[in-house]
Amino acid sequence: MAKADGHILRVQGLKTYFPIRRGVFSRIRGWVRAVDGVDLDIPRGQTVGLVGESGCGKTTLGRTLLRLIPATAGTAWFEDELIFSANRRRMRQLRRQMQIIFQDPVGSLNPRMTVQTIVGEPLKVHGLAHGRALRQRVVNLLEQVGLSPGYLNRYPHEFSGGQRQRIGIARALALEPKFIICDEPVSALDVSIQSQILNLLADLQDALGLSYLFIAHNLAVVEHFCGEVAVMYLGQIVERAGSEDLYRNPVHPYTKTLLSAVPIPDPRTKTACQAPVGDVSDTSGPFTGCPFHPRCSLAQDQCRQECPQLREIGPGHFVACWRTE
Amino acid sequence: MSMKNPLILTPVFLLVVLFAGCGGDDQDQASGKMVRYLSLGAKVRGMDPMDIGDTTSSSVASQIFESLYQYHYLKRPYELIPCLAEDFPTGEDQLTYTFKLRPGVVFADDPCFTATQGKGRQLVAADFIYAWKRIADVKNISKNWWIFEDHIVGLDEFRDYTGRLKAGENVDYMRPVEGLQAPDDFTLVVTLKRPWPQILYLLAHLPTAPVAREAVQYYGKSIHNHPVGTGPYMLKDWKRGNKIVMVRNPRFRQEFYPVEGSPGDREAGLLEDAGKVLPFVDEARWQVVEEDQPRWLIFMRGQLDASGIPKDFYNRAIDPSRQLRSEMKDKGIRLQIFRDPSTYWYGFNMEDPVVGTNKPLRQAMSMAINRPEYVEIFTNNRAEVAQGVIPPLFKEYDPEVINPNCQYNPERARELLKEAVEVHGGPLPTITISTPGTDTLSRQMGEYVTLAMDNIGLKVKIDYMDWPSFQDRIKTKSSQVFQMGWVADYPDPENFMQLFYSKNVSPGPNNFNYRNQAFDTLYEKAKAMPDSNERRRIYHQMENIIRDDCPAIFLVHGVAFVLHYNWLKNYKPHVFGYGLIKYQRIDVAARQKSVGR
Amino acid sequence: MTEAALTSDIAVGKGRSLWADAWRRLLSRKLVVASLIVIAVFVMVALGVYAGLIARDWSEPVGPRYQRPSLEHGFGTDFLGRSVWRKTLYGAKISLTVAFLASLISICIGLPLGAIAGYFKGWIDELIVWLFTTVNSIPYIILILAFAFVLQGKTLFGYPLRGISVVYLVIGLTSWVGLCRLIRGEVLKHRDRDYVMAARAYGCSRSRIILGHVIPNVAHLVIINFSLRFVSFIHAEVILSFLGLGVKGEPSWGVMIDDARQELYRGCWWQLAAATLAIGLLCLALNIVGDALRDALDPKLRQGLE
Amino acid sequence: MVSYIIRRLLYAIPTILGVLLITFILFNLIPGDPSYDIAGKSASAETIAEIRRELGFDKPRFLDTEALSQGRIAAAFDSQFFNHFRNTLTLNFPRSLTSHEPIWDEIKSRAPASLTLAAPMFIGLIATSIAIALVVAFARGSWVDTILVFICVVGMSIPMLSYILFGQHYLAYELGWFPILGYESGMQAFKYIALPCLLGIASGLGSYVRFYRTVMLDEMRSDYVRTAFAKGLSSPRVLFKHVLKNAMIPIITTLVLSIPFLFLGSLLLERFFSIPGMGSYFLDAFNSRDFPVINAMVFTTSLLYVLGQLVTDICYALVDPRISLR
């Protein structure tokens, strides 16, 4: 199979490893497998959620896709373009189409720049607008994300968290991308603000036909926002399904654990609380079997010896677990 | 809370310890030991005569080593008397000299004399030959080869031989040198290539002192730390960069205080000890003090017996009539004024395309400087205005001569500068003056000269550099004008005249790179002549050539002011001789009374 | 939206940068304002000397030598009868120029090297770290002396080096290590911040990221460093003058103290007093402003205070 | 830990090589040739040339390209640079050009004097400034703080030369509290180093107090100190137990990294008080272009510095368990 096959983004066998250096000569003694063989498709105009505990590699995955972190192996198509082998010029063009929104609304905005500079800089860098046109474009972008143009000369520290995140979104929109990686865009915000931002993102998707990869660390946020959800554990995707399907019928023990942690709006619905056993395993050493087996209450010998592959267990529902056969 | 106390108390504790240490005074003074306290402005590099080239090291080592001749302590003009030699040399022509050694001279006791269990042995003529061969030995990198170079038959060949040896090969000191013979232990015969009238002066020079072969072999490379000589003192303690202590050599030969001196010496009390056995002082102590201010302070405290007067302390010590101020006199301080065999100048590099070919320019610059004012500002009148190169100390100095180039005459200088522009064929560029020294005084002199040249309309800039950089500039002929001076090594103007001899151009001593056929002819003639009226006339001719050609702006001749306490007896400054402590005496009681006050 | 409405909106929303914030904070303290005024006066004097308006005739004798301070000659006269007051004023030019240019040189070396090392990591980083570790492990005094002797009398781009240019070059070329190390550490922290990631994500070039994003965010360290450095450079000039490597032919405060250390013993204290006073006053003001700058600019400290 | 130390030591190799290279290049650029001085003031051109040859100054700077082209590899490396390199790395320092004294002997005899002055001065300085900084930190914001800091700033604004001139003239000469200058080894040394020590402490106090005050205020703002205060622990106790302990890290850094420079001594103090230490030795060597001596001193100091850094890093780890040595 070549090309993205009609999807906006297709990822196959993506691996991102970080070396561990030790000893007198700082030789590489091992690897942290932050992303370890991920396949993912993102349909055009849709939102795919990526959920997992912190440290599971979801942020690394997002950044690897934008080549902010070098990939170790694997391929990724953006439409018909191979991301990892694009040359510098081509990559610059690609960057116009793929953008990212960060989790931390404080750290992701340069504190020494005004809103105008922050939002306008992508346009300037790509030579898309100058002078008055640039300012007009920035004003439009701010309006688009619901900020007053009067904030143009303000600095990030003069804004609230939600407003800062809107600035971040405006910056991501500046280049009119087709695809945006939302790296936990709401987890640092107050709950009341979260929905505002999510609504904004949804509106923008409708208006501009955007595709999102929406990264989150809990399932609650993702439920209504994403058409499809992938659950990630220790660098691997353990379950992938349509949003509703996943919520109604979680298969992988890890997904179940995650779901059990979601605060339930309706106290009558009771789910058995399945607390995970043990800690997140160390990803640096060579390990065999299912990555979740040390914490899994259902683990058997097979789980300890062989790593399960993603299998389709229902229409569009994939899971990697031996115990679901 | 327990931690607090030690922390805060530390500095307090420190102070207590420090203050407690103060106040202990010299127990030597109580014991009545006669100690002479001296200071050193620079560090002593070593005490191997072969390797001594600086005045600091000489002034110390000369208490231990002696040469064939020495200067009379009291007589002026300076005159040589035999020291290790029994008498003046005999020889029928000017090429062979036969020296008879004084009998009964022994080296000081030292462990290096293994054959005699450390007892010093008799001095023999071979020790001189050995010492001089060491100077010739290239491997020794001696500072003093200039003394013997091209004078003694066979010694230059000996030097070539040592230069040909490969690393690791030993120099054969038994290899005969034709011009240096010792027919017996007490006779030294020196054969010269050509007449050398200055030879006796140089044989009074410290580097020509005899050295015991045993010491060199025993101490090897650290011989410079272990001086073994025949002189009145022996080294007791030497902390490099700090202090040197010498004690009386018990086996010093019998030597007596001179019984006659110059006029006025008797009145000054310098002949009170006439005929007494030398030395008087039991111990001599040097303290290294590099900065002027602290040296002056310890002198004023009575911790030094004598001191020069740094420029800025002058007014505190001397009143405008060149007399010691009364508060100094009350302290028991005495002032001695004497002439230095020195001349200071701004030299021109005669190979420089601008100044070298432009005599009016050189004259103008020379006339731009108000020498009396210069003397007043920078030396507090402790210098005499120069008319030429030979200082007044020499009998060849002609007090009648007035050199027009050395007179302050800004009007004439401006006229000459106009001529100079014509000679140069265009406006004169900025003249660069190289100054050896980056210290305060050099900087202030530079500021003064800039002002003076500005006054006649000449732009100069001063290039200050340290001594090695300056030497590099001079020796590679890359300076334009340079500030320099010369202190004579011996009382013969030949020492000054060699500075203008064309065969001595840089990197030799002729830093002016001055070339004059007439001068060279006269120099070669005078060099071979013993002192006579005719030679004196030739020197005058030579000096006139230089005055006229103006290869240098002659500034001043030094005059030294020395202060000493009245407890320092028999103190008479000497400009050529070094090993003089043996003549001096300390009135211990007077010192105690004065310092204890 | 019409053009007019746009402009008026923007006029309403005037933002306060962190710099403006810090400046406001500085001006709110009387002592700091006083110090700033002192510094401004010194700078004006130095500029006045440059323009030839002040102390142009410092080299002309105004009276007898070694005059005590009097109504006629404010700070007395020196060994050539020159006015110590004029020399002190003129010294402001030398000392400020030396400290300013030396700071500039050391920043021009330290800032880019530190930023490059911190941002690029890898072998470039190793090389720069090696360079500054090496330079740092050579005793400072040896570097100063060696550089001074090497530079003296040389020409740089056809411009002959002597006097003051040697002094600031020497100080500048030997004192960039501290800043370089500081900047490198800070850039290492910043290079993985999200705002840098964002810039990379929208295709900012590396040079633009370093110049436009990273350096403005570490610039406050340079400013703080600059003010404290200034003080140490003024002192360095004094030491250099003592070692004979200072300014020649012009009066600097270091030269004046060097002159004075011998004059002191003839009872001539005014030159030492004048120079020490000038240095003391300027350094005091600079130190106060430096401290205040650090309080105002260092976000870490500020967070701690709030 | 062991592998960490070994790795740090290996890192020192390029640094040391760099020091050798930089100093060699610098010293070759400095004008001045010791052979002129050695030859004496009346020396002829031939004598100077002979001496240069004996000292090896006529050898090629880096590589004897002529010998190399003829295939004599060993001879090609008989250059000034490689000889300098070889001598230094094998610690086979030649003798001083001016005094002919083995350099090690001289360093051994002078380093104690420098240390006798510098060590008490340094310890006194650190102790006094920590004590004052504690007081200041304790009284932060009050008038005591303001006044002490102001005095410190005034103190550090005055050049050291002024301190020395004042101290030597008034305290030693006029008042006679101290010897004016001089040095003796052993217990006698205390008498002589008292004044230079005090002057050194006085002139350095300002900047140290300010530095430590900042360090301590930083610590005092940290959460655990606030917690400690909140728990009702008495202030001095918190100050000593928590603040000082944690402030030790920057203090250790300044301490250890200063050691090599203690070895070089204080140039100004040594000169004015005639203390025969490394500072004046070094200055002399520089002024006579005694390159073997300068090289030896630079090499020794940089070795000490590199070791000092290593010790600092180990101290870090010991004081602060949060820092891992990897």
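Within every chain, numbering begins at 1; the chains are lettered A, B, ... in the order of the sequence lines, protein sequences first and strands thereafter. These numbers were taken from a predicted model, which means no experiment stands behind them.
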Among Glu79(A), Arg89(A), Glu81(A), whose side chain to side chain contact (heavy atoms under 4.5 Å, CB included) with Leu94(A) holds? Glu81(A)
Those residues of residues 177-184 of chain A, ordered by number, that approach chain C below 4.5 Å (heavy atom to heavy atom): none
Any donor-acceptor pair under 3.5 Å linking the side chain of Tyr212(A) with the backbone of Leu201(A)? yes
Of the backbone (N, CA, C, O) and the side chain (C-beta and beyond), which part of Leu109(A) lies under 4.5 Å from a heavy atom of chain C, both, or neither? backbone
For Gln93(A) and Arg90(A), indicate whether the former's side chain and the latter's backbone hold a donor-acceptor pair under 3.5 Å. no
Given the options Ala172(A), Gly107(A), Pro122(A), which has more heavy-atom pairs under 4.5 Å with chain C than any of the others? Pro122(A)
Do side-chain atoms of Arg166(A) reach the backbone of Val145(A) as a donor and acceptor pair under 3.5 angstrom? yes
Using the rule given for side-chain contact (heavy atoms from CB on, under 4.5 Å), can you reason through Leu113(C) versus Phe132(C), listing the C-alpha separation, both sets of side-chain angles and the distance that settles it, and then say yes or no? CA-CA 10 Å; Leu113(C) 279 187; Phe132(C) 72 60; over 6 Å; no
Please check: side-chain N/O of Thr60(A) versus main-chain N/O of Ala34(A), any donor-acceptor pairing under 3.5 Å? no
Does any backbone or side-chain atom of Arg200(C) lie under 4.5 Å from a heavy atom of chain A? Answer side chain, backbone, both or neither. both
Under 4.5 Å from a heavy atom of chain C, the part of Arg88(A) involved: side chain
So is Arg191(C) actually on top of Tyr119(C)'s ring, under 6.0 Å and inside 45° of the axis? yes
Residue among Arg96(A), Arg67(A), His126(A) with most heavy-atom pairs under 4.5 Å to chain C: His126(A)
Residue part contacting chain C, namely of Met113(A), when any heavy atom lies under 4.5 Å: side chain
Cationic N near anionic O, under 4.0 Å, Arg63(A) to Asp194(C): yes
Qualifying residue for side chain to side chain contact (heavy atoms under 4.5 Å, CB included) with Trp176(C), from Val135(C), Ile107(C), Ile183(C), Ile105(C): Val135(C)
